[in-house]
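Source: prediction; values computed, not measured. The chain is numbered in sequence order, starting from 1.
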Amino acid sequence: QVSLTESGGGSVPPGGSLTLSCKTTGLTFDESPMRWFRQAPGDDCELLVSFGGDGSAKYGDLVKGRFTGSQDTAQNTVYLQMNSLKEEDTAVYYCAAERGGYRGFRNCKDPRFGFWGQGTQVTVSA
């Protein structure tokens, strides 16, 4: 049975940092490439980080240089280190394991993409 469980969200002031974790069971990163997404109210689901089969990470333009993704294959866990947070980073953050490959979704947690975690809220506010 596949499960993804995020943790580490919370509230921070602008300029602060948070690290999100996503513990997975029932899958391997080779067969299910991992991603980090986020969705703010009224906005489309936004891809933040894509992990390659070798563990390398590619970043969306809005977070490049501020966010760092990593994956620990032995622990079946992926991480998202977020620095220099801005108010516009406020959103629900999701990890996802790609299976179906469908990319035409607007809302996160679309099952046609693959498996998703429950989401964790990140709020950046003074």
Side-chain angles (χ1 to χ4, degrees):
Q1 184 174 353
V2 174
S3 69
L4 288 75
T5 305
E6 297 112 338
S7 60
S11 296
V12 294
S17 297
L18 282 173
T19 299
L20 306 182
S21 300
C22 173
K23 174 71 175 176
T24 72
T25 62
L27 58 82
T28 65
F29 295 157
D30 285 342
E31 65 181 5
S32 302
M34 298 298 296
R35 312 279 184 254
W36 283 102
F37 291 87
R38 71 183 178 191
Q39 188 161 26
D43 291 349
D44 290 349
C45 187
E46 178 185 2
L47 176 62
L48 304 176
V49 185
S50 295
F51 291 98
D54 60 354
S56 61
K58 293 184 178 180
Y59 300 92
D61 289 341
L62 291 178
V63 302
K64 194 177 298 183
R66 298 190 298 124
F67 290 11
T68 302
S70 60
Q71 60 182 36
D72 184 333
T73 303
Q75 297 295 324
N76 296 314
T77 302
V78 294
Y79 302 93
L80 184 65
Q81 171 70 41
M82 305 184 293
N83 298 323
S84 303
L85 283 162
K86 307 174 182 179
E87 291 188 353
E88 51 263 43
D89 293 319
T90 295
V92 179
Y93 284 67
Y94 300 90
C95 61
E98 185 170 355
R99 278 285 181 93
Y102 178 73
R103 303 294 178 88
F105 56 92
R106 298 186 64 181
N107 293 314
C108 293
K109 301 193 76 173
D110 192 308
R112 294 171 292 180
F113 177 80
F115 302 101
W116 298 80
Q118 81 282 5
T120 186
Q121 176 71 44
V122 171
T123 302
V124 185
S125 174

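Here the closest non-hydrogen pair linking Ala126 and Pro14 is N-CD, 3.6 Å. Contact detail for Gly52 and Gln71: the closest heavy-atom pair is O-NE2, 4.1 Å. Of all heavy-atom pairs between Val124 and Thr90, the closest is N-OG1, 2.9 Å. Heavy-atom minimum distance, Ser17 versus Val12: O-CG1, 3.9 Å. Between Met34 and Cys22 the shortest heavy-atom distance is CE-SG, 4.2 Å. Taking every heavy atom of both residues into account, Ala57 and Gly69 meet most closely at CB-O, 4.1 Å.
Checking side-chain atoms of Trp36 against main-chain N and O of Tyr79 turns up a donor-acceptor pair under 3.5 Å. In this structure, Gln81 contributes its side chain and Thr19 its backbone to no donor-acceptor pair below 3.5 Å. The closest donor-acceptor contact from the side chain of Arg35 to the backbone of Phe51 lies under 3.5 Å. With hydrogens and angles disregarded, a donor-acceptor distance shorter than 3.5 Å links the side chain of Gln39 to the backbone of Arg106. The backbone N or O of Gly9 sits less than 3.5 Å from a side-chain atom of Thr120, completing a donor-acceptor pair. Here the side chain of Trp116 pairs a donor or acceptor atom with the backbone of Asp110 at under 3.5 angstrom.
Under 4.0 Å is where a charged nitrogen must lie from a carboxylate oxygen, and between Asp89 and Lys86 no such pair does.
In terms of hydrophobic clustering, with Ile, Leu, Val, Met, Phe, Trp and Tyr side chains grouped at heavy-atom distances under 4.5 Å, Val122 and Leu4 are assigned to a common cluster. By the criterion of side-chain heavy atoms lying less than 4.5 angstrom apart, applied directly or through intervening Ile, Leu, Val, Met, Phe, Trp or Tyr residues, Val78 is grouped together with Leu27 in one hydrophobic cluster. Hydrophobic clustering, with ILVMFWY side chains joined whenever heavy atoms are under 4.5 angstrom apart, groups Tyr102 together with Tyr94.
Distance check: Arg66 CZ to Tyr59 OH gives 12.5 Å after rounding to the nearest 0.5 Å. Rounding to the nearest 0.5 angstrom, the gap separating the OG1 atom in Thr77 from the NZ atom in Lys23 is 4.0 Å. Atom CZ of Phe37 sits about 10.5 Å away from atom SG of Cys95, to the nearest 0.5 Å. Here the CZ atom belonging to Arg38 is positioned 11.0 Å from the CG atom belonging to Leu20, to the nearest 0.5 angstrom. Leu80 contributes atom CG, which lies 9.5 Å from atom CG of Leu18 (distance to the nearest 0.5 angstrom). Between Ser50 atom OG and Lys58 atom NZ the span is 8.0 Å, to the nearest 0.5 Å.
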Go through Phe115 and Thr24 one step at a time and tell me if the side chain to side chain contact (heavy atoms under 4.5 Å, CB included) criterion holds.
CA-CA 10 Å; Phe115 302 101; Thr24 72; over 6 Å; no
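Of the N and O atoms on the side chains of Ser3 and Thr25, at least one donor lies less than 3.5 Å from an acceptor on the other residue. Counted by atom type alone, Asp30 and Thr28 present zero donor-acceptor pairs between their side chains at under 3.5 Å. When only modelled atom types and interatomic distance are considered, Arg99 and Ser32 share a side-chain donor-acceptor pair under 3.5 Å.
The aromatic rings of Phe67 and Tyr93 lie tilted to each other, with the angle between the two planes from 30° to 60°.
Side-chain contact between Glu46 and Leu62: present, with at least one pair of heavy atoms (C-beta onward) separated by less than 4.5 Å.
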